[in-house]
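By convention here, the first residue in the shown sequence is residue 1. Being a predicted model, the structure only gives us computed values, none of them experimental.
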Amino acid sequence: MRAHVPPARLRHGACDDGHEHALLGLVANTYKLTRGYRFELFYWDYAVGIVLTALFYALTLGTLCTGFTGGSSGAGFLANVADADAINIVYALIAGVIFNIANLLLVAAIEMAGLAIAFPLAIGIALVIGVVLSYAIEPRGNPLVLACGVGLAIVAVIFDGKAYGALKAGTSSSVSRKSIIVCIVSGVLMGSFAPFVTRALTVGHTLGPYSVAVFYTIGALLSCFVVNVYFMKHPLVGEPIDFSGFRAARPVDHLFGVLGGFVWGTGTVFNFVAAGFLGVAISYAIGQAAPMVAAIWGVAVWKEFRGAPSRAWMYLALMFAAYAAALAVLAGAYGSV
């Protein structure tokens with residue numbers, strides 16, 4: 001991990017300050033492969049990539065393996081969409097819009113407040129809200145065991161933030177009220193999309209997980225034309241940007257963006273598939289292990305902790321231990337009703 005990157009709204013290289021956590025672990029590894037490509041512009045390629053990925057799985061696994069498609073009809077993707085209640089399609093679209101806004105705000109919050117503050121605050125709030133609201137709609141699993149698992153996951157997120165914070169020990173920084181508000185709003189929104197997914201998967205003529213993923217990602221992409229454009233023109237940090245950089249980017253940079261969308265989309269699709277077996281509350285909580293994967297890449301591939309103080313390594317070890325315990329407890333929540 002290199003030294004703290006000064007606030008310059010998501011310029012290339014900003015992900016070295018921990019932004020990989022905002023995009024489900026591995027996505028920002030593809031961003032790091034780009035050259036001089038602003039993150040806001042990379043995000044357009046990423047958004048297209050997640051839709052293409054969801055459609056790919058829906059038209060292959062979601063069509064051919066009907067036993068795993070879910071939905072009230074148990075049919076393939078197209079038949080499931082035709083049979084589903086229109087309101088469930090709307091719920092899936094809304095979930096994607098909410099997630100996309102939360103995701104963009106989280107990246108901005110990390111840039112404004114630093115990962116050590118923004119990430120534990122936003123993801124901690126999201127974990128509690130997402131699990132509680134999803135469980136209220138679909139009470140699957142032992143609530144006490146689930147609560148213990150969520151608690152351990154929150155502890156792991158806190159240790160993760162402390163590990164990255166220890167890398168910047170000794171640097172002077174101040175956290176504004178505005179940045180804390182952005183963190184809180186991001187966390188509330190990040191947790192609020194889960195009950196919409198739960199509703200689409202469980203009530204009435206339901207969507208299957210592959211169908212939910214398609215409309216969820218379409219909602220995320222469509223919201224970019226409002227939300228991402230707004231943040232390009234009115235960034236919370238740094239200078240505005242236009243689409244000239246998008247047109248000037250190398251074809252391989254666009255490819256890396258789509259590849260990032262494929263990585264995230266694959267994780268999301270199978271998280272929804274798992275929700276069909278375990279319930280959204282458990283699946284959502286387990287999905288928050290993404291920072292652990294990001295930390296592994298940060299340590300092993302990007303050498304972010306090279307020369308880090310012993311305190312940072314201690315927090316990192318505690319993070320891995322807490323996440324491992326959280327995953328074990330959450331896995332046991334399903335079978336201990």
P120 versus V157, closest heavy-atom pair with distance: CA-CG1, 3.4 Å
Distance-only side-chain donor-acceptor flag, N88 / T206, under 3.5 Å: no
Side chain to side chain contact (heavy atoms under 4.5 Å, CB included) assessment of V97 paired with L93: CA-CA 6 Å; V97 171; L93 289 168; 5.6 Å; no
V150 to A285 - nearest heavy-atom pair and separation: CG2-CB, 4.3 Å
Student check: side-chain heavy atoms of I94 and I98 closer than 4.5 Å: yes
Validation row, ring centre F159 to ring centre Y323 under 6.0 Å: no
Gap separating the CD1 atom of I218 from the CD1 atom of I50, nearest 0.5 angstrom: 10.0 Å
Gap between atom CG of D160 and atom CG of L318 - 0.5 Å precision: 11.5 Å
Cluster overlap V90 with V212, hydrophobic side-chain contacts below 4.5 Å: yes
Side chain to side chain, L278 and R140, heavy atoms closer than 4.5 Å: no
Straight-line distance of F231 CZ to I241 CD1, nearest 0.5 Å: 14.5 Å
Donor-acceptor pair between Y37 and D45 side chains, under 3.5 angstrom: yes
Value rounded to 0.5 Å, distance of CZ in F77 from CG in L207: 9.0 Å
F56-F262 aromatic ring centre distance below 6.0 Å: no
Cluster link F99 to L52, ILVMFWY, side chain under 4.5 Å: yes
Exercise: do Y135 and T198 side chains pair donor with acceptor under 3.5 Å: no
Exam field: side chain S283 to backbone N271, donor-acceptor pair closer than 3.5 Å: yes
Donor-acceptor under 3.5 Å (D242 side chain, S244 main chain): yes
Minimum side-chain heavy-atom gap T217-W264 below 4.5 Å: yes
Exam field: side chain S134 to backbone V131, donor-acceptor pair closer than 3.5 Å: no
Side chain to side chain contact (heavy atoms under 4.5 Å, CB included) evaluation trace for M232 with F246: CA-CA 12 Å; M232 288 171 64; F246 185 86; over 6 Å; no
Interatomic distance, N103 atom CG to F193 atom CZ [nearest 0.5 angstrom]: 9.5 Å
Path from L316 to M314 over hydrophobic side-chain contacts below 4.5 Å: yes
Minimum heavy-atom distance T53-G265, with the two atoms named: CG2-C, 3.8 Å
Y46 ring center within less than 6.0 Å of Y43 ring center: yes
All pairs passing side chain to side chain donor-acceptor pair (under 3.5 Å) where residues 185-195 contributes a residue, at least two apart: none
Reference residue L105; test side chain to side chain contact (heavy atoms under 4.5 Å, CB included); the match among N100, I184, L189, V227: L189
Side-chain heavy-atom pair L106, I123 within 4.5 angstrom cut-off: yes
Side chain proximity check, I129 to M190, heavy atoms < 4.5 angstrom: no
Co-membership, hydrophobic cluster, residues F42 and L255, 4.5 Å side-chain: no
From CG (L201) to CZ (R199), nearest 0.5 Å: 11.0 Å
Minimum side-chain heavy-atom gap H254-V48 below 4.5 Å: no
Short side-chain to backbone donor-acceptor contact, N80 and G208, under 3.5 Å: yes
For the student: nearest non-hydrogen atoms of A54 and A213, plus distance: CB-O, 3.7 Å
Hphob cluster co-occupancy, V214 + V258, side-chain heavy atoms under 4.5 angstrom: no
Centroid-centroid distance, Y334 to F277, less than 6.0 Å: no
V182 and L236, any side-chain heavy atoms less than 4.5 Å apart: yes
Qualifying residues under salt bridge (Lys or Arg N to Asp or Glu O under 4.0 Å), relative to R311, sequence neighbours excluded: none
Any V128 side-chain heavy atom under 4.5 Å of I154 side chain: yes
Close aromatic pair by centroid cut-off 6.0 Å: F196 and F215: no
Mutual orientation of the aromatic rings belonging to F272 and Y216 [parallel < 30°, tilted 30-60°, perpendicular > 60°]: perpendicular
Verdict with supporting geometry, Y210 and L59, side chain to side chain contact (heavy atoms under 4.5 Å, CB included): CA-CA 9 Å; Y210 297 101; L59 295 172; over 6 Å; no
